[in-house]
Trainee: 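The structure that follows is given in the form of structure tokens.
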Amino acid sequence: MRTERFEKLNMVENFLFLVCSSTAVLYAAFFLVSTGRIIRHFKAREFLGRIDRIPRNPKVTLILILVLIALLAGDFTVHRLFSDIKKNLSLLMTAADLFICLGVVILLDFNFNGILLWFFAVVIAKVEGKKGYYPIIILAIAVYTLTYPSVATVGFRTYTLADFLSTYTSSQRSYLSGFFNLLNILCVVGFFMVCALMIVSKQRRLEESNALADQLSQANARLKETNQQLEELMEENAHMAEIRERNRIAREVHDTIGHTLTGLAFGVDACKALADGSSRELKEQLEILSTVAREGIKDVRQSVSSLKVDDVEGRNVIFRIRRMLENTRSATHTEIHFDCRIPSMVLDEEEEHAIYRIVQESVTNAVQHGRAHYISIQFTKEEDQIGIYIRDNGKGCPHPEEGFGLRHIRQRVAMLHGSIRFDGSDGFEVAAKIPVRWREKQDESTNCR
Amino acid sequence: MEQGRSRHGKQWKRRGWAAAALLSASLILLVMSLHARENGKKILTIGVFSGSNWDVAVQDSYAALDAAIEQFEKVHPDVTIHYDSGIPKADYSEYLSQKILKDDAPDLMVVPDDDFDRLVRLGVLEDLDKWMDGGNGVQREKYFQSVLKTGQHQDRQYALPVEAMPYMMFVNKTLLAKELVKIPTENFTFEDLFDICRRVTKDTNHDGVPDQFGIYKYDWTDAAVSAGADLFGENGGRINLTGAEMKQAVLLMQKLYRLNDGQTVNQETFDNGRVAFMPLTLAEYRTYKTYPYKIKKYSNFKWDVIEMPKGPNGGNISLVHTLNVGMSARSGRKKLAWEFLKYLSCDEDFQMQLFKEMPVASVLKSVMESEDADYIMVRDNNSLVHAETIEKAIETGIAEPRFEGYREAMQLIDGDIRQLYSSDAEATDLDNALRMTQRKVRDYLDRSDKQ
């Protein structure tokens, strides 16, 4: 994009150079041809009476101008080819260019100064930074004005294009003067084209940088959001780890001490039966032991129950889902239909958590991104898998870009050897299958109530 | 990529050097070509025309120049002087203009009177003041001042005179003797002139119109000069046609015109010996007083020359014309050119030779004052005129003003004045008419901004 614009600028600069230099050459050539014509027509004396200064040797002038133009072209090409030229050398070459251009103007006795337009167009296009512009522009205006035909020659006498033109017939004169005017206009037009391209290029660069800044701030916002989610998850993970540890300890306590104590209580009871005929003291003592054992069991159960936190809020995952859905309903006025068709079962924490996360992420997405008004959630039992289908009537997303949330879900499901797919073609649909062991137990079961 | 570029760079650098070498070589060639030499000799060019500047027949118009060149080349063996021969005087101005336009102006050039101001204005002519005042300069006092002045423009010397040309009054001695009129040799005045003219103007064949006249070719400008009228001041800065001198000149012309009773005097009448006076250049005098032209012209009557008649406030003076040579400001051999110009203009030997061989006057006082000059005049011309008379004419002569627009201004005045003296205007009308002409000419000069 940028290089394309540079190419356009370079092209216009080349065009301007071509026009300006060929005009200078044409002026010199015209002076040469006209001089020959004047001499052939024996009008030299008449011509001398018209002009105020003898033109330089027209042949030498033409040759010198060709040489100067060649020098300029060389300089121009070197600048173009080696953009990494040393700054001092570049400055020196530019100054040399200015003097060469002035040389051309002087050789043509101030009849044509368009070559300076090219010079200043190139310099202005090359200047960087705001500060450099003003001196260059002032210099350009001053030099161009002071060398302008009929301004430069105020106060001293010279000859003009018109003097040469007047030696032609009136029809030739009108064509020739039209031609030279056209060349002059082309030079000015080329200069303005360079300036216009410069302005457009500056404008575009500004717009581009604005767009980049916008993109950056958007990316920043996204990063912040993701960061927050990550922090929440980490907190959650830490919490889960704690829960898991407490559950393990509870199980250990339940399985070891609880078991021992139960055995002990049964043993004591057996002892009591055996000691039926024995002394009252022994019975009493056994009775006390039995009571202590049962008390111990009760205590262990209590400790275990207080240690076990998998239903932190006191209930199973279905309950938590219902409560989360209720909260969402009341906060967003979204209609949510929850259809739970699974028999009561026991799930481990990973499974429960995955299911909860799937529902939570899907509902959040539906409400936040899909702007859905209706969400349906269905849990089904499919052989040894639990199927979760969540569908909303939101905007959907034909090519869902997996953000942190969806990726997290996918990972969790993958860890459980399940499968999940997303479909955003019509609303948004999440379909997940998670293999579970269908363990049924009365007191720690997950069911739909 | 980086490597490729640097190789590329080296290649370019090499090309740059090649271009620079080529350029400097061509520049050296150019400079050398400007200093052309022929067989190792320095070439000096001079622009001249063939024939005489004074419209008289000469046998070999290049003889004097060739002699000068030969002499100069003898002194400067490394120099050869070229000129284009065979350019008629009428074509010389165009020839010179073309040379100038081609930047091929000769190092030295004869400057036609009509082109002098233009060439000065265009900067073609070198300002000679610094050469004249330099160590290798010339003494201005050696020249007749009026003559030197013809090469000046706004008090700067742009050309040096080589030949001087005073005007004199031709007098038909046979006619005056027949009419019993004494030849006025000294203190010849307007009144004398008119008196003689009145006496000789006659109808000899009694056909009712005069066929013998007093004067021919005498112009109001001649009368104005010897009346002492200064028409343009210094450099044409101020025009004055209303002075008494100018009026005296116009009145004389009017009176002379009326004598002829409407008859026009022509060359044939003059050649037939029926006119008493005619202004004449020294060139014409010297040419037609010597063999072979002596027998071709004015052979049926005796004649001689006298001074011009003077006005009440003026003198027996006339205009002095000169042949000037200038140096090109773009000459590559100015030092040499100056040497040759100096030789042509103020080498006494050359000037004496020129006076001897050409029907002209020298521009140097010492030449005209020499006995040799007097001997040449009296021997060759067998006449009343001594070199001294010519010297006096040049010495007191008036250089024509030199400013741009002079010719045009003179043409304007000439038209008006001719009409004036051929009309019946009285003296009072004359004042008014001259004033009107003066205003017209001043307007012209102001408008053209050329003085």
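As the structure is a computational prediction, the values presented were derived from the model and not from experiment. To find a chain, count down the sequence lines: A is the first, B the second, and so on, and within it residues start at 1.
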Trainee: With rounding to the nearest 0.5 Å, note down the distance linking CD1 in A:I38 to NZ in B:K102.
Mentor: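 Those atoms lie 12.5 Å apart.
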Trainee: Against chain B, label A:P55 side chain, backbone, both or neither, depending on which of its atoms sit under 4.5 Å from a heavy atom there.
Mentor: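 Both backbone and side chain.
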Trainee: So does B:D115 pair up with A:R45, basic N to acidic O under 4.0 Å?
Mentor: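 Judged by the 4.0 Å cut-off on N to carboxylate O distance, B:D115 and A:R45 do form a salt bridge.
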Trainee: Quick one: what part of A:K59 sits under 4.5 Å from any heavy atom of chain B, side chain, backbone, both or neither?
Mentor: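 Contact with chain B involves no heavy atom of A:K59 at all.
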Trainee: Do any N or O atoms from the side chain of B:Q98 and from the backbone of A:A44 form a donor-acceptor pair under 3.5 angstrom?
Mentor: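 No, B:Q98 side chain to A:A44 backbone: no donor-acceptor pair under 3.5 Å.
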Trainee: Side chain, backbone, both or neither: which part of A:L71 has a non-hydrogen atom closer than 4.5 Å to chain B?
Mentor: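 Answer is side chain: those atoms of A:L71 sit under 4.5 Å from chain B.
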Trainee: Are A:V60 and B:D103 close enough, and set up right, to give a side-chain contact (heavy atoms from CB on, under 4.5 Å), and what steps lead you there?
Mentor: CA-CA 10 Å; A:V60 175; B:D103 194 28; 5.5 Å; no
Trainee: Between A:D52 and B:R121, is there a salt bridge with N-O shorter than 4.0 Å?
Mentor: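 Salt bridge flag = yes for A:D52 with B:R121.
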Trainee: Tell me, side chain or backbone of A:Y159 under 4.5 Å from chain B's heavy atoms, or both, or neither?
Mentor: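 No part of A:Y159 comes within 4.5 Å of chain B.
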Trainee: Identify the two heavy atoms, one from A:I54 and one from B:V124, that lie closest to each other, and give their separation to 0.1 Å.
Mentor: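 That would be CG1-CG2, 3.5 Å.
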Trainee: Nearest 0.5 Å, what's the CD-OG distance between A:E46 and B:S97?
Mentor: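 Reported to 0.5 Å precision, the distance equals 10.5 Å.
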Trainee: How many angstroms lie between CG in A:N57 and CG in B:D104, if you round to the nearest 0.5 Å?
Mentor: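 If I round to the nearest 0.5 Å, the distance is 8.5 Å.
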Trainee: Surrounding CZ of A:F180 (heavy atoms of other residues, nucleotides or ligands, distance under 6.0 Å), is the total greater than 12?
Mentor: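 Enclosed: over 12 neighbouring heavy atoms sit under 6.0 Å from CZ of A:F180.
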Trainee: Measuring heavy-atom distances to chain A, does B:D117 have an atom under 4.5 Å in its side chain, in its backbone, in both, or in neither?
Mentor: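 Neither part.
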Trainee: So which part of B:L101 gets closer than 4.5 Å to some heavy atom of chain A, the side chain, the backbone, both or neither?
Mentor: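 Both the backbone and the side chain of B:L101 come within 4.5 Å of chain A.
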